[in-house]
Amino acid sequence: IFSGNVVEMCPVGALTAKSFRFMGRPWELKRTPSVCGNCAVGCNVLVDVRVDKVQRQYSRTNDDIDDGWLCDRGRWDLAAFNSPERLRTPLVRRGGQLQPTTWDDALTLVGQRLAEIARHSGPQAVGGIGSTHTTNEEAYLFQKLLRTGIGTNNVDHWHGSFPDQRDGDLPWVWTGSIAGLDRASHIVLLGADPYERQPIVDLRIRKAIRAGAQLIVVTSEPLRLDRLATSVIRYQPGQTGIVARALRALIASEPHPLPPLLRGEGGPEAFSALPPDAGGPEGDAAALAGQAGVELEALRALVRTLVGARAATLLYDERATREPSGANLAADALAVALLTGNFGQPGAGAGPLLGAVNSLGARDMGLLPDLLPGYVGVGDEAGRGRLAREWGGAEPPAMPGLGYAAMLAGGVKALYVMGADPAHHVDPAALEHFDFLVVQDLFLTETAQRADVVLPAVAYAEKDGSFTNTERCVQAVRRAMIPLPGARADWEILGGVARALGLRWSYRGPSDVLAEIGRVVPIYAGLTRRALGARGLRWPIMLAQDEDGAIRLAGSDHLTWDMLQQGVSNSPPLATGDAAPAGSPPLAGEGQGERS
Ligand code: SF4
C-alpha cells in the first residue's frame with residue numbers, strides 16, 4: 001500500500017504509474033500544496049492538475065506528520081474528483097421525480113421550506129447532519145446556520161462513542177502527536193489497525209520501533225505489525241471496551257506507585273479530573289478479562305510495562321468506540337495513561353485514531369447537539385454570550401438538541417444533510433418519512449436519491465479551507481482546480497441558504513470564516529489562514545516568544561496536565577485579527593483562489 005512512493009522517488013523517471021503514463025508531461029502540471037483528504041492523518045500533498053483534471057497527488061514533506069511518504073490510497077484514489085457521475089446541477093423533486101433546476105430556485109425553496117416547518121412545528125422540528133469530509137469552515141457554518149437561522153441544537157454527525165463532556169472537560173482526543181511517536185518508549189495499539197485505516201501512522205510506528213520503541217498489539221484480529229511487536233494480546237471481537245476497563249481495574253486493584261502527576265499538591269483534584277466512569281461491568285479485573293476472552297496475566301504484564309515505561313502512547317481506533325462494549329473506551333484509555341504516568345510529556349499519551357479527514361474538525365466546530373464550537377456546553381451562558389456577540393446578537397439555544405440516531409428515527413420533520421450518507425446507517429426507507437429532506441453532496445447518494453432538494457457540492461481539491469487531523473493539527477486546504485461547472489463549495493451553498501433564511505452573512509471566503517473561528521473558539525484562538533502557514537498548527541493554539549523576542553502563534557505537541565485540569569474550552573480567546581502573528585511562513589500563492 002506504499003508502492004506509489006517508488007514511482008515518486010525514482011530519480012530518472014524510469015518507474016512510472018499506469019494512471020499517469022502518457023497522460024501528459026510533468027511540466028504541464030499545475031501543482032498546488034494541500035492536504036490529502038482520504039483519511040484523518042492529513043498527509044501533506046501536492047495536487048497535480050492538468051486541464052482541470054486531478055492527475056495525481058505527490059508528497060509534500062512534513063516531518064511532523066508524513067515524513068514525506070504517502071499511501072497508495074491517498075496517492076491514487078482520486079476518482080471522486082474526475083468522476084462523470086458528479087452532480088452538475090441542483091435537483092428538486094417534482095411529480096415524484098428529481099428534476100434539474102436553477103441554483104436560485106433550489107436555494108429559495110430550501111430557505112422557504114425550512115423556515116415554514118420551523119414556524120409551524122417549532123425550531124425543534126428541523127435538524128441537520130453534517131460531515132467529517134467538509135472543511136472546518138463549512139462545519140462551523142453548518143452548525144451556525146442551524147443554531148441561528150433555525151434556532152435549534154439539532155445538529156450532529158456520524159462519529160464514535162465518547163462520554164458526555166462536562167463544560168470545560170478535555171475533549172476525547174489524542175493527547176500526543178504523530179511526531180511524538182518518535183520519542184515513545186512503548187506504543188500500545190488497542191483495537192486499532194493503522195495499516196488498514198491510517199497507513200502513514202503504521203509507517204511512523206515502524207520508524208519508532210527502529211528507534212527503540214516497543215510495540216504491544218492488543219487486538220481481536222492479527223495485524224501485519226504483529227511480527228514487530230514485543231507482545232501480542234488477543235481478545236474476542238467486539239470486546240475492546242472491556243479490555244480497557246480490565247486494564248483500569250487492574251491498575252486500581254494493584255499497589256502501584258502513584259505517577260508524579262498525581263502525587264503531591266493538587267493530587268485529590270487531579271483524581272477528580274480523571275475521565276468519568278460511565279458505568280458498565282465493574283471492578284473485578286478477572287471477571288472482565290474472562291468476559292473479553294483475554295488472558296489476565298497478559299494484561300497484568302501490560303500494566304506493569306506501562307507503569308515502568310519512560311513514555312508510552314496508547315492508541316485505539318475510534319471505530320472500536322462504536323462496539324457495544326465501547327461506550328467508556330475513551331475514558332478508560334485516558335485513565336490508564338494518566339494512572340500509569342504516561343501523560344504530559346513527549347512520546348506519552350492516549351487517544352483515538354480517527355477515520356475520516358475531518359473527523360476531529362467536525363467535533364471541534366460544534367457539529368454536536370450538546371456542544372458549541374470548541375467543546376463549550378450549550379448550557380454555558382458565558383459561552384453562548386461569546387458566540388452571540390460574534391453572531392450579531394443571535395444566541396444559540398440552551399437546551400441540547402437531538403443526536404444523529406434520534407433525528408434519523410423521525411425526531412425531526414425536516415432534515416438538512418451536508419456531505420453525509422446516513423442511508424448507510426439506517427434503513428434507507430426511513431429517509432422517505434421526512435416532510436422535507438435536503439442533501440448537499442458530490443454524488444446522487446442513496447440518501448440524495450430520497451431527497452426533496454439536492455445541492456451539488458465540490459471536493460476538497462476544488463475549494464479552500466482547513467482540516468484538523470487526528471492529532472489536532474489544523475492544516476490549510478488549497479483550491480487546486482476550477483470547481484466543476486454547476487457545483488458549488490459547501491460554504492458557498494450554506495451562504496445561499498443563509499440568505500434565503502434572511503441571515504446577513506458577509507463572508508468573502510473561507511479566510512473570513514476561519515478568522516471568526518479564531519475569535520470565538522478558544523482552542524483555535526487567534527488562528528487565521530495566514531497563521532496556518534505551510535505546516536499547520538496543533539490546537540490548543542498558544543502565544544509563544546521567539547529567541548529574538550518576537551511573539552508568534554504556536555501549536556501544542558502534547559496536552560499538558562494544566563490543560564487537562566483547566567479544560568481547554570475555559571481558556572479565554574486571544575485577541576486576534578489579520579495582524580495575528582504567523583505560525584510559520586505562508587506558502588507561495590497563499591490567498592489565491594479566494595472568492596470575492
Ligand atoms: Fe492520505 Fe491517509 Fe494515506 Fe496519508 S495515510 S496519504 S492522509 S490516505
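Just so you know, these numbers come straight off a predicted model, no measurement behind them.
Remark: E8 engages R75 in a salt bridge, criterion side-chain N to carboxylate O under 4.0 Å. Here R31 pairs with D48 in a salt bridge; the nearest charged N to carboxylate O distance falls below 4.0 Å. Ionic pairing of D156 and R363 is not present here: no N-O contact between side-chain nitrogen and carboxylate oxygen is shorter than 4.0 angstrom. Electrostatic pairing of R204 and D182 counts as a salt bridge here, judged by a charged N lying under 4.0 Å from a carboxylate O.
Using a 4.5 Å heavy-atom cutoff, the side chains of L514 and N136 are not in contact. Taking 4.5 Å as the limit, some side-chain heavy atom of H186 sits within range of a side-chain heavy atom of I216.
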Intermediate values then yes/no, side-chain hydrogen bond (donor to acceptor under 3.5 Å, both in side chains), T61 and N44: CA-CA 6 Å; T61 304; N44 289 200; over 6 Å; no
Derivation and outcome, side-chain hydrogen bond (donor to acceptor under 3.5 Å, both in side chains), residues S19 and R56: CA-CA 8 Å; S19 58; R56 61 186 188 186; over 6 Å; no
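Counting heavy-atom neighbours within 6.0 Å of R73 CZ, excluding the residue itself, gives a total above 12.
At a cut-off of 3.5 Å, with distance as the only test, no side-chain donor of T219 or D193 sits close to an acceptor on the other residue. In this structure, a donor-acceptor pair under 3.5 Å is absent between the side chains of N62 and D66. In the model, E137 has a side-chain atom that pairs as donor or acceptor with a side-chain atom of S466 under 3.5 Å.
For T340 (side chain) and V307 (main-chain N/O), no donor-acceptor pair under 3.5 Å exists by modelled atom type. Between the D202 side chain and the P194 main chain, no donor and acceptor come within less than 3.5 Å of each other.
Partner of W158 under the ring pair (Phe, Tyr, Trp, His ring centres under 6.0 Å) criterion, chosen from H133, H424, H425: H425. Here the rule is side chain to side chain contact (heavy atoms under 4.5 Å, CB included) with D67, and of D64, D63, I65 only D63 fits it. Tested against W539 for a side chain to side chain contact (heavy atoms under 4.5 Å, CB included), the candidates V521, L527, L360 yield a single pass: L360. Paired with T240 under the rule side-chain hydrogen bond (donor to acceptor under 3.5 Å, both in side chains), one option of R322, R245, E323, R319 passes, and it is E323. Between Y140 and the choices T135, T134, V520, the side chain to side chain contact (heavy atoms under 4.5 Å, CB included) rule is met once, by V520.
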